[in-house]
Trainee: 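Got a structure for you, written out below as structure tokens; questions coming shortly.
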Number of protein chains: 2
Amino acid sequence: MSRTHDHSGILKKVKDEIPSDELICDLADLFKLFGDTTRAKILFSLFESEMCVCAIAEFLGMTQSAISHQLKVLRDANLVGSRREGKTIYYFLADDHVRIIIDMGFEHLIEEREGR
Amino acid sequence: MSRTHDHSGILKKVKDEIPSDELICDLADLFKLFGDTTRAKILFSLFESEMCVCAIAEFLGMTQSAISHQLKVLRDANLVGSRREGKTIYYFLADDHVRIIIDMGFEHLIEEREGR
DNA sequence: TTATCATATGAATGGTTGTTCATATGAAAG
DNA sequence: CTTTCATATGAACAACCATTCATATGATAA
């Protein structure tokens, strides 16, 4: 079938073990959320305490609109939650998974730098 | 200074604790690598065993060129390594961090689904 | 109700990035 | 040396995405 050299043995093995396309896509979509500097900074900010939109915007030196758009992305993915207090809406981390995933990334970065 | 309501207290606290811009960018760049379906599939394939470029291409039903481009990205980030055997070049996972980071993502996905 | 403050949102834009196509490299076999 | 096989690479194109601008929503205060 293939015009290249044979590797049917490996292909069969990998095909049996690899997760479904859907699962891999969902996983890629999750990591994509952490793969933007602005979103990463927002998440780091929320590590310390809940914050309102304009506080995040001021802190990051960015437009309220830009932050609001990104918060929507994070909220749609259930990474952050929000609560209203008067006119202000406070955002916070939805759970501790965010911390754990980011910490893993950090460990990789640090060990890679030590390795050099 | 700000035309909005005051949040200087929170800003000071967050500013003290948040990592440097450079570190956050590096972290975002790392997660970006996992945020593409093709790269994620390549990494999952290499979980099982080392593979040559054309085996991965055949397995994923994609062009050799597309895979080669992505392997370069992964190799530049030290997530995969390669070795030559005759005409063939085999790629493999550089270390176990890749597995750990991906497993963390999986855990989050699974727990999120249970939560619903 | 009207004005104001905090946030949300739609459309447009600019920049990034994954894939393709054509071609180049480089090792091994003849 | 020449051909072939496996992989790499550069340029071009298309799709995606983050930001901006203008405006809308929605709650509160007057």
Side-chain angles (χ1 to χ4, degrees), chain A residues 2-7 10-11 24-25 28-43 45-46 50-77 79-92, chain B residues 2-7 10-11 21 24-25 28-43 45-46 50-77 80-92:
Chain A
S2 164
R3 279 186 222 122
T4 66
H5 66 162
D6 179 75
H7 22 56
I10 296 164
L11 291 202
I24 293 181
C25 283
D29 285 342
L30 174 66
F31 283 122
K32 218 173 283 180
L33 295 169
F34 298 92
D36 173 76
T37 309
T38 301
R39 283 193 295 269
K41 285 181 186 173
I42 291 174
L43 293 173
S45 305
L46 300 183
E50 63 174 16
M51 289 174 80
C52 63
V53 180
C54 65
I56 301 173
E58 186 183 341
F59 176 60
L60 299 184
M62 295 182 65
T63 308
Q64 172 269 321
S65 178
I67 302 301
S68 191
H69 277 295
Q70 296 297 358
L71 282 171
K72 178 179 167 47
V73 173
L74 294 173
R75 202 150 57 84
D76 287 349
L79 293 189
V80 304
S82 63
R83 74 180 176 85
R84 167 159 240 141
E85 195 178 304
K87 293 180 202 165
T88 308
I89 295 178
Y90 290 94
Y91 280 83
F92 49 84
Chain B
S2 163
R3 280 186 222 125
T4 67
H5 66 160
D6 178 74
H7 22 56
I10 295 164
L11 291 202
D21 262 43
I24 293 182
C25 281
D29 285 343
L30 175 65
F31 283 123
K32 218 174 284 181
L33 295 169
F34 298 93
D36 173 76
T37 308
T38 300
R39 283 193 295 268
K41 285 180 185 172
I42 291 174
L43 293 173
S45 304
L46 300 182
E50 63 174 16
M51 289 175 79
C52 62
V53 180
C54 65
I56 300 172
E58 185 184 341
F59 176 60
L60 299 183
M62 296 181 65
T63 308
Q64 172 269 322
S65 178
I67 302 301
S68 191
H69 277 292
Q70 296 298 359
L71 282 171
K72 177 178 167 49
V73 174
L74 294 173
R75 200 150 58 84
D76 287 349
V80 304
S82 63
R83 74 180 177 83
R84 167 158 239 141
E85 195 178 305
K87 294 179 200 166
T88 307
I89 294 179
Y90 290 93
Y91 279 83
F92 49 84

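So that the names make sense, note that chain A is the first sequence line, chain B the second, and so on, each numbered from 1.
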Trainee: Give a yes or no answer on whether the side chain of B:Arg75 reaches the backbone of B:Tyr91 with a donor-acceptor pair at less than 3.5 Å.
Mentor: no

Trainee: Rounded to whole Å, please give me the gap between CD1 in B:Ile89 and C1' in D:dT9.
Mentor: 13 Å

Trainee: Starting at the 5' end of DNA chain C, write a dot or bracket for each base, bracketing those in Watson-Crick or G-U wobble pairs whose two distances are under 3.5 Å and using | for partners on another strand.
Mentor: ||||||||||||||||||||||||||||||

Trainee: Quickly work out the A:Met51 CE to C:dA6 P distance and round it to whole Å.
Mentor: 14 Å

Trainee: Checking B:Phe92 now: which residues fulfil side-chain contact (heavy atoms from CB on, under 4.5 Å) with it, not counting sequence neighbours?
Mentor: B:Glu50, B:Arg83

Trainee: Relative to the ring of A:Phe31, is the ring of A:Phe34 parallel (under 30°), tilted (30 to 60°) or perpendicular (over 60°)?
Mentor: tilted

Trainee: Can you check the B:Asp36 CG to C:dT16 C1' distance for me, whole Å?
Mentor: 13 Å

Trainee: Among residues at least two apart in sequence or on other chains, which ones pass side-chain hydrogen bond (donor to acceptor under 3.5 Å, both in side chains) with A:Lys87?
Mentor: none

Trainee: Looking only at side-chain atoms of A:Thr88, point me to the closest of C:dA6, D:dT7, C:dT17.
Mentor: C:dA6

Trainee: Please list residues of residues 61-71 of chain A whose heavy atoms come under 4.0 Å from any atom in DNA chain C, ordered by number; otherwise none.
Mentor: A:Gln64, A:Ser65, A:Ser68, A:His69

Trainee: Taking for each residue the nucleotide of DNA chain C bearing the nearest heavy atom, is the 5' side occupied by B:Glu85 or by A:Tyr90?
Mentor: A:Tyr90

Trainee: Take the protein atom CG of A:Asp29 and the nucleotide atom C1' of D:dC17, then report the distance between them rounded to whole Å.
Mentor: 13 Å

Trainee: Could you state the NZ-P distance from A:Lys87 to C:dT4, rounded to the nearest angstrom?
Mentor: 11 Å

Trainee: Would you kindly give the NE2-to-P distance between A:His7 and D:dC5, to the nearest whole Å?
Mentor: 14 Å

Trainee: Does a side-chain N or O from B:Arg84 land closer than 4.0 Å to OP1 or OP2 of D:dT7, or not?
Mentor: no

Trainee: Does A:Arg84 have any salt bridge (charged side-chain N to carboxylate O under 4.0 Å, His left out) partners at least two apart in sequence or in another chain, and if so, which?
Mentor: none

Trainee: Would you sort out whether A:Lys41 and A:Thr37 count as a side-chain contact (heavy atoms from CB on, under 4.5 Å), showing the intermediate values?
Mentor: CA-CA 6 Å; A:Lys41 285 181 186 173; A:Thr37 309; 3.7 Å; yes

Trainee: It should be established whether B:Tyr91 places a side-chain nitrogen or oxygen under 4.0 Å from OP1 or OP2 of nucleotide D:dA6.
Mentor: no

Trainee: I need the CD1-C1' distance between A:Ile56 and C:dA8, as an integer number of Å.
Mentor: 14 Å

Trainee: Given side chains that start at C-beta, do those of A:Gln70 and A:Ile67 come closer than 4.5 Å, heavy atoms only?
Mentor: no

Trainee: With a 4.5 Å heavy-atom cut-off, do B:His7 and A:Cys54 have their side chains touching?
Mentor: yes

Trainee: Provide, to the nearest angstrom, the distance between the NZ atom belonging to B:Lys72 and the C1' atom belonging to C:dT25.
Mentor: 14 Å

Trainee: Under the side-chain contact (heavy atoms from CB on, under 4.5 Å) rule, collect the residues that match up with B:Ile10, sequence neighbours excluded.
Mentor: A:Ser49, A:Met51, B:Val14

